[in-house]
Every structure is written in structure tokens, then in C-alpha cells.
Protein chains: 4
Amino acid sequence: MTTTYNDKQIQIIESAETLFAEKGFNGTSVRDIAEKANVNLAMISYYFGSKDKLLEALFSYRGEYLKITLENMMGDGTMSSMDKMNTVIDHYIDKVMKQQCFSRIMMREQVLNHTGFTAKLIFEMKKRNQELISRLIHDGQRKGEFRKNIDIPLMMATLIGTANTIVATQHYYREINNLQTLSDEDFQKHMKKKLSQHLKKLFKAILTHEE
Amino acid sequence: MTTTYNDKQIQIIESAETLFAEKGFNGTSVRDIAEKANVNLAMISYYFGSKDKLLEALFSYRGEYLKITLENMMGDGTMSSMDKMNTVIDHYIDKVMKQQCFSRIMMREQVLNHTGFTAKLIFEMKKRNQELISRLIHDGQRKGEFRKNIDIPLMMATLIGTANTIVATQHYYREINNLQTLSDEDFQKHMKKKLSQHLKKLFKAILTHEE
Amino acid sequence: MTTTYNDKQIQIIESAETLFAEKGFNGTSVRDIAEKANVNLAMISYYFGSKDKLLEALFSYRGEYLKITLENMMGDGTMSSMDKMNTVIDHYIDKVMKQQCFSRIMMREQVLNHTGFTAKLIFEMKKRNQELISRLIHDGQRKGEFRKNIDIPLMMATLIGTANTIVATQHYYREINNLQTLSDEDFQKHMKKKLSQHLKKLFKAILTHEE
Amino acid sequence: MTTTYNDKQIQIIESAETLFAEKGFNGTSVRDIAEKANVNLAMISYYFGSKDKLLEALFSYRGEYLKITLENMMGDGTMSSMDKMNTVIDHYIDKVMKQQCFSRIMMREQVLNHTGFTAKLIFEMKKRNQELISRLIHDGQRKGEFRKNIDIPLMMATLIGTANTIVATQHYYREINNLQTLSDEDFQKHMKKKLSQHLKKLFKAILTHEE
DNA sequence: AATGAATGAGAATTCATTCAT
DNA sequence: TATGAATGAATTCTCATTCAT
């Protein structure tokens with residue numbers, strides 16, 4: 001099922017990713033991509049058929065991430081549900097930060113009235129995540145760790161919305177907190193830690209505090 | 001400073017808004033806008049100079065909202081800081097839900113590496129909001145209502161990210177919660193109430209709970 | 001129903017006609033047409049929407065011919081059926097020779113497995129002509145002028161096939177008959193006369209001779 | 001002189017023939033042909049050099065037909081000239097019907113202002129046929145079977161034009177005569193018989209009737 | 001002998017904008 | 001003030017062909 005891409009194709013996909021993140025899908029021309037990827041213009045059609053199909057390829061290239069490790073963890077009897085949730089949070093943050101470009105693209109694309117392949121893919125990712133989280137939460141509720149009446153979609157929106165917003169506007173965050181002196185790497189670490197603490201705190205409040 | 005627009009111009013701006021929200025800025029052609037607004041194609045260039053300038057016009061048309069009422073409230077000595085914060089939350093939710101199209105556009109545009117007018121405008125909105133919130137929080141801290149060490153940008157990211165994400169993906173929310181039978185209006189009310197409760201709970205946790 | 005075209009449009013249509021006749025529809029680029037018509041490349045899309053639509057326009061521009069005069073003649077009680085048929089023949093030859101380019105295009109296009117507008121238009125022309133002829137023939141049969149058992153489609157194929165083939169290969173005809181010394185105009189006249197005599201003779205044989 | 005083609009080449013040529021007949025030469029891409037022939041794309045260039053050369057190959061592959069049997073018949077002293085002519089007619093019909101695709105292609109290509117190989121080939125075929133027919137007719141005239149003053153090119157145009165037109169538009173013919181219930185094979189036989197009768201009748205009229 | 005990968009040239013079309021009126 | 005007509009530039013994509021292997 002999972003397509004594998006050769007070096008040239010990956011080169012193209014990753015160049016496209018950067019550009020789509022910077023200028024949007026429609027704002028990026030196939031010419032731009034060819035130039036950035038250092039390949040012949042026609043090669044993009046040759047390999048992917050069309051610009052749309054290239055976007056699809058990008059989604060299947062990036063879409064696989066995350067799944068497996070989390071699903072393994074779910075059955076672990078030694079971890080508390082809250083620990084599991086915190087692991088999920090860290091995994092999600094990790095993903096968003098590792099795939100910043102792709103996250104931007106997804107964030108943008110999900111807002112449009114898409115009907116195509118990507119819309120379906122985004123929907124499926126969402127659903128899969130939703131199901132994972134639901135199971136986790138219901139487990140926690142059964143064990144008495146989590147309170148009843150949790151609005152999962154809202155909770156997810158907080159996870160996704162907060163992480164993506166802060167990453168998308170990280171230069172504001174850096175400026176406001178006077179972190180320009182930090183190296184890029186250190187800043188990323190710093191932001192990641194802060195974001196992790198913040199979201200864990202929020203989730204604790206959502207999952208355990210009585211009204 | 002604030003430009004006023006005539007009927008034709010507003011017609012154009014609002015048509016553009018809907019289309020930009022649906023199909024993105026680059027995905028919308030000036031022709032589309034002219035058609036939707038029922039005006040002559042050339043009139044758009046005539047009135048706004050260019051498509052970019054039209055986007056700017058949209059931002060200044062929609063950007064004004066919110067400011068004043070909140071600024072008046074700030075000085076009010078009879079309200080607790082938490083009440084004020086809750087009012088801000090409701091105001092923001094209100095804005096996002098009333099201006100769903102515009103919110104989508106902003107969400108999309110803020111992600112791009114813009115260098116133009118809109119980037120500046122978005123930055124200024126953000127800054128103004130940030131300052132408002134900062135004042136409010138520092139007041140609360142001074143009065144002992146709020147705890148120390150609050151990461152304001154992260155908190156803002158949660159407000160903005162959660163609200164926009166849930167609005168942008170409201171059809172998922174509706175489906176998952178089996179709310180298709182509600183009228184559109186009732187669904188909006190329902191979502192708004194839930195979102196308000198959710199965010200207020202989160203803010204309470206952020207602002208008052210000890211680690 | 002009948003669209004009217006402005007000067008620019010006619011200029012484009014007629015340039016396209018010549019080129020389509022010379023090099024075929026697919027062998028002609030929009031660029032070629034624009035050049036020949038001395039108009040901007042984009043104007044063709046502007047006026048006709050697409051190359052296909054331009055072909056349609058050509059067909060409706062040229063397709064009207066012939067109809068009316070013949071239909072008037074049909075009711076004429078003073079003419080014999082054979083006279084009427086001879087008039088039809090002359091009209092058809094006239095049309096093919098006046099619209100040589102268009103005739104070539106039709107001849108080519110009718111051979112393809114078209115499914116679009118032009119196929120429908122050709123079919124309708126054929127049908128209309130067929131009906132006209134059928135009425136004429138049945139009249140003649142009722143009056144005892146024509147014999148029974150006439151295969152009308154075959155007869156039509158002879159009319160259409162002979163006229164178009166001779167026109168399409170007129171340079172052979174000219175060469176073989178050593179008519180290069182004639183002026184173009186005189187040659188056309190000559191060919192027309194010969195073709196007319198030939199077809200009338202054939203039709204007389206078809207319509208009146210006993211087996 | 002006559003090239004022989006190996007299996008792969010014939011596979012390619014015949015696939016090309018079908019496609020050229022369906023969609024025209026310019027409407028058919030080398031990719032289409034490779035796909036239909038189930039061969040590698042590059043093999044077409046490899047074997048034939050270019051698309052144009054492939055068309056030439058098709059013409060020499062199909063062009064040989066007919067010649068020999070007819071030339072043998074010419075010298076036969078036992079047949080009347082009219083019998084010979086009828087044999088030629090049947091042979092031609094046979095050829096057009098057996099090589100329907102190729103006939104369509106020839107019909108289309110002869111209409112274009114070609115200057116290349118195919119134009120020459122078509123011209124030579126025409127000339128050869130013309131000469132054959134001329135000899136036959138002059139024989140008949142010498143023997144008193146045929147009348148004087150026969151316009152051979154016009155007569156040929158009737159043979160070629162009628163046969164090709166009826167074959168190219170056979171679905172009309174079938175529909176109009178309500179022959180949809182016949183099997184394809186039976187319909188072909190029916191059409192062939194009718195066409196043969198029709199043309200023989202016409203030729204008799206041309207060749208023998210006094211004005 | 002055969003082919004997968006690659007490409008330059010050119011295809012049709014759409015775009016935002018301009019300009020004469 | 002408003003607009004129909006027009007256009008240069010850029011878009012995506014397809015094409016026949018080549019070439020290293």
C-alpha cells in the first residue's frame with residue numbers, strides 16, 4: 001500500500017513541501033518547485049502526473065508518521081492513563097515540530113472546502129487520532145483516573161490548535177520572549193518544553209478537575 | 001485613518017471574503033470575485049488598484065472589530081480580573097464565530113511568510129491583543145487573583161488556536177456529536193456555549209492553579 | 001438562436017478555417033491561428049473560450065448555408081422532380097466549391113469518432129439534407145417520374161463523396177487534364193461544370209433507369 | 001524495395017492504424033500507440049525513428065494490396081471490359097471494407113496539404129490506379145464496349161468518394177435502414193452487396209449510356 | 001536489442017491588469 | 001465614474017524524442 005519514492009521524487013516532494021508551507025499550494029508554481037528541487041520542469045509531471053497529485057504524494061509521504069509507537073503504548077498495563085496522555089501530547093508536539101512545514105500545509109489545507117484526496121486523508125488522520133484518544137480516555141474513565149463528561153473534539157482542538165498556532169507564529173513567540181540570542185536549536189528545545197508543560201497542564205485540568 | 005467604503009466596494013469586499021475563505025487567496029480569481037459581487041471586472045482594479053490591495057482593504061474592513069468595548073471594560077473597577085478575562089474570551093469567540101470567513105482567511109494568511117501589508121496588519125492585531133491581555137493579567141497578578149509565571153503567548157495560542165480550529169472544522173464537530181438535526185443557528189449557539197465553557201475552564205487552570 | 005460574430009471574431013474564424021483545412025484541427029495551434037488572424041493569442045480564448053469552442057463557432061458560422069432556397073423550391077409546382085433534383089445537385093456543388101476549406105474540414109471531422117458538438121452538428125446537417133432529399137424523391141416516385149427502390153443514403157454518399165473528393169484532389173484533376181494554363185477562376189468554372197454534368201448523369205441513371 | 005516488418009513492428013503499425021483512424025494522426029500520441037501495442041515507449045522511436053516515419057511504414061505496409069491480381073486480370077482475353085471494370089469495383093470495395101481503418105486514414109490525409117512521404121505515396125497509388133483504369137477503359141473503347149468522352153478522374157472520384165463515404169458513415173447507413181438487428185458481419189455483407197450494385201449501376205451508366 | 005529515465009519545446013489556457021472611451 | 005475590449009505574462013501539462021545502460 002505504502003508507495004516508496006526514489007531519491008529524485010523525494011527531492012521534489014521535500015522542495016514542494018517547503019514552498020507550499022512558505023507560499024501556499026496555489027502560490028507555488030511547478031516551476032518554483034522544479035527550480036528548488038534542481039530538476040527539469042517536466043519531470044514533476046513525469047513522476048507525479050500533476051501538481052495535485054504531487055500534493056497527494058506529499059501527504060502520503062508525511063502522513064504515516066506517529067501511528068505505530070502510540071498504538072503499541074496503548075496496551076501497556078504499567079502506565080497510568082495520564083502518563084499515556086502525556087506521552088501522546090509529547091508525541092504530537094514532536095511531530096508538529098519535526099514536520100513544521102507539513103503541519104503548516106495541513107493547517108492551511110484543512111481550512112479550505114476541499115473535496116479531493118487530501119481532504120479525505122486529513123479526515124482519516126483526524127479520525128484515527130480521535131479514535132486513539134477516545135480509547136485512552138475511556139480507559140482512564142473506567143479506571144476512575146479521568147472525570148466523566150469530557151468533550152473530546154474540543155480537547156483535540158486545543159491540542160492541535162495550540163501546538164500549530166505556536167509553531168506557526170514562533171517568530172512572534174521568540175521576539176516577545178527575547179529569545180533571539182538562543183541558537184535555533186536551543187530555541188526549538190525551549191519552545192518544545194514550554195509547549196509540553198502548557199498542554200499537559202491544560203489536559204490535567206480538562207481530564208481531572210471537577211467543575 | 002479608517003477608510004470608509006461605498007456600497008459597491010463593500011459588495012466587492014464581502015464577496016472576496018467569502019471566496020478567499022472557501023478557496024484561498026490565490027485560488028480565487030478576480031473574475032470570480034467580480035462575478036459573485038455582480039460588478040464589472042475592471043471595477044475591482046478601479047476601486048482597489050489590485051488584488052493584493054483588495055485583501056488589504058478586507059483586512060482593514062474587518063480588522064477594526066472588538067477593540068473598543070474591551071478597552072472600555074479594562075478600567076472597570078467593579079469586575080474581577082477573572083470576570084474580565086472571561087469577557088475577553090467570550091468576545092474573542094464571538095468575533096471568530098461572527099467572522100468565520102475572515103477568521104479562516106487570517107488563519108491561513110498568518111501561516112505564510114508574508115512580507116506585505118497584511119502581515120503587518122496581522123502582527124499589529126496580535127500585538128494589540130497581546131498588550132490588552134498583558135495589562136489584564138498583570139492587574140490580576142497585582143491583585144493576587146492570578147498566579148505568577150504565566151506564559152502569555154502560549155495562553156493566547158490556546159485561545160486563538162482552539163477557537164479557530166473548532167470553527168474551521170465545525171462539520172467534524174457536528175458529525176461526531178450527532179448534532180446534524182439541530183438547525184444551523186442552534187448548532188452555532190451550542191458550539192459557542194461549549195467552546196466558551198471549555199476555554200474558561202482552561203484559562204482558570206492556567207491563571208489560578210498552582211503547579 | 002444564430003449567434004452573430006463581430007469583425008474580430010470573423011477574422012479569427014476564417015483564419016482558423018483555412019488552417020484547419022490545411023493542417024487539420026489538431027495540427028493547427030492556437031498560436032498559428034492568432035498569427036494568421038493578426039490578433040493577440042489570448043483573444044481567441046477570450047472570444048471563444050477554447051479551441052474546441054472555436055471549431056464549434058466555425059461550424060455554426062458556416063453551417064447555415066443552403067437550407068432556405070432549397071426549402072422554398074420544394075413546393076414549386078411548375079418544376080419536375082428531376083429539375084428539382086438537378087437544382088439540389090447544383091446547390092450542393094456550389095456550396096462545396098464556395099466553402100472548399102470548410103468542406104475539407106467537415107470531410108475530415110466526420111471520419112473521426114467524435115462525440116462532441118461538431119459530431120452532433122454534422123449529424124443534424126446530414127439528417128436535414130436527407131429529409132429534404134427524401135421528400136423530393138418520394139414526390140417524384142408518386143408522380144411516376146422516379147423508379148421505386150432507391151437507396152437514398154447510397155445516393156447521397158455518391159453526391160457528397162464525389163463532390164468532396166474531386167474538390168479535395170483538384171490539383172490532380174487539373175494536372176491530369178492539363179488545365180494548368182487556365183486561370184484559377186476558369187478552372188473552378190470548368191470543374192464545376194464537369195462535376196455538375198457528371199452527377200446529373202449519375203442521378204438520372206439512379207432515379208430513372210430500369211435494372 | 002518492399003520492407004518486411006517483424007512481429008513487434010507489425011503490432012505497433014496495426015495499433016497505430018487503429019488509433020490514427022479513431023483519433024487522427026495528430027490526435028494520437030506515441031504514448032497511446034505504445035500502450036495499445038503493449039510495447040515500450042522508446043521502442044517506437046527505436047524501430048521507426050519517428051512518428052512520421054511510423055505513418056510512412058503504415059502506408060507501405062498497407063499500400064501494396066490490390067495491385068497484382070488486377071494486373072493479371074487485365075490481359076485476360078475472355079472477359080469483357082465491363083466484366084473487368086466490375087471486378088475492379090468489387091476489388092476496390094473489398095479493399096476499402098477490409099482496410100476500413102486505413103481507408104479512413106488515407107481519406108483524411110489526402111485532404112491535407114501534405115508535402116511529405118505520404119503525400120507522395122498517396123499520389124503514386126492514385127496514379128497507378130488511374131493508369132490501370134485508363135488502360136481498361138481505352139481497351140473497352142477500342143472494342144466499342146464503352147462510349148467515348150469518359151472523364152476518368154471524375155469516375156474515379158465517384159468510386160473512391162462513394163465507397164469511402166459510405167464506409168466512414170456506416171453507422172448512419174445502418175441506423176437509417178434499421179439494420180441494427182443484423183450481426184456486424186451480416187451488416188458488412190449487406191452493405192458491401194448494396195454498394196457493389198450501386199457502383200456497378202453508376203459505372204454502367206457512365207461507360208455505356210449515350211447522352 | 002531494448003528500455004527506464006529524462007528533457008526541451010511547445011501546447012492550451014488563465015490570469016491580473018490596462019486603456020480608450 | 002465606469003466599463004468592454006484587449007493583452008503580456010505566466011500557468012500547468014503533454015509531446016516526441018534522446019540517451020546511457
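Reminder, nothing fancy here: chain letters follow the sequence lines and each chain counts from 1. Just so it is clear, the model here is predicted, and its values are computed rather than measured.
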Asks: Just the rounded figure in Å: distance from C1' of dA2(F) to CD1 of Ile12(B).
Replies: 11 Å
Asks: I need the minimum non-hydrogen distance between Ala168(A) and Arg104(A), along with the two atoms involved.
Replies: O-NH2, 3.7 Å
Asks: Taking for each residue the nucleotide of DNA chain E bearing the nearest heavy atom, is the 5' side occupied by Asn6(D) or by Lys8(A)?
Replies: Asn6(D)
Asks: Rounded to the nearest 0.5 Å, what's the gap from CD on Glu109(A) to CD1 on Ile122(A)? Could you check?
Replies: 6.5 Å
Asks: Could you work out, with ring-ring contact (aromatic ring centres under 6.0 Å, His included) as the rule, every residue matching Tyr5(A), not counting sequence neighbours?
Replies: none
Asks: More than 12 foreign heavy atoms under 6.0 Å from NZ of Lys126(C): is that the case here?
Replies: yes
Asks: Report yes or no: does Arg108(C) contribute a side-chain atom to a donor-acceptor pair with the main-chain N or O of Arg108(D) at less than 3.5 Å?
Replies: yes
Asks: Heavy atom of residues 25-40 of chain C under 4.0 Å from DNA chain F: which residues?
Replies: Asn40(C)
Asks: If you take any heavy atom closer than 4.0 Å to DNA chain F, which residues from residues 44-51 of chain A end up in contact?
Replies: Ser45(A), Gly49(A), Ser50(A), Lys51(A)
Asks: Please report the distance, rounded to the nearest Å, between CG in Leu41(D) and P in dT14(F).
Replies: 14 Å
Asks: Are Met125(A) and Met106(A) close enough that some pair of their side-chain heavy atoms sits under 4.5 Å apart?
Replies: yes
Asks: Go through the structure and list residues passing side chain to side chain donor-acceptor pair (under 3.5 Å) with Asn26(B), not counting sequence neighbours.
Replies: none
Asks: Roughly how many Å is it from CE in Met43(C) to C1' in dA9(F), rounded to a whole number?
Replies: 16 Å
Asks: Using atom types as modelled, flag every donor-acceptor pair under 3.5 Å from a side chain in residues 34-47 of chain B to any protein atom, sequence neighbours excluded.
Replies:
residue, atom, partner, partner atom, Å
Asn40(B), OD1, Ala42(B), N, 2.7

Asks: Wobble G-U and Watson-Crick pairs count when both distances are under 3.5 Å; given that, what is the 5' to 3' dot-bracket string of DNA chain E, with | for pairing to other strands?
Replies: .||||||||||||||||||||
Asks: Counting only pairs under 3.5 Å, give me each side-chain donor-acceptor contact of residues 12-19 of chain C, with atom names and distances, residues two or more places apart or in other chains.
Replies:
residue, atom, partner, partner atom, Å
Glu14(C), OE2, Tyr61(C), OH, 2.8
Ser15(C), OG, Gln11(C), O, 2.8
Glu17(C), OE1, Arg62(C), NE, 3.4
Glu17(C), OE1, Arg62(C), NH2, 2.7
Glu17(C), OE2, Arg62(C), NE, 2.7
Thr18(C), OG1, Glu14(C), O, 3.0

Asks: Sort and list the pairs that fulfil side chain to side chain donor-acceptor pair (under 3.5 Å) and have at least one residue in residues 49-58 of chain A, not counting sequence neighbours.
Replies: none
Asks: Excluding sequence neighbours, so at least two apart, what forms side chain to side chain donor-acceptor pair (under 3.5 Å) with Gln9(C)?
Replies: Asn6(C)
Asks: In chain order, what residues pass the ring-ring contact (aromatic ring centres under 6.0 Å, His included) check against Phe102(C), with sequence neighbours excluded?
Replies: Phe59(C)
Asks: For residues 25-45 of chain B, which residue pairs qualify under ring pair (Phe, Tyr, Trp, His ring centres under 6.0 Å), counting only residues two or more places apart or in two chains?
Replies: Phe20(B)-Phe25(B)
Asks: When you list every nucleotide of DNA chain E with an atom under 4.0 Å from a heavy atom of chain A, which one comes first 5' to 3', and which comes last?
Replies: dA5(E) to dG8(E)
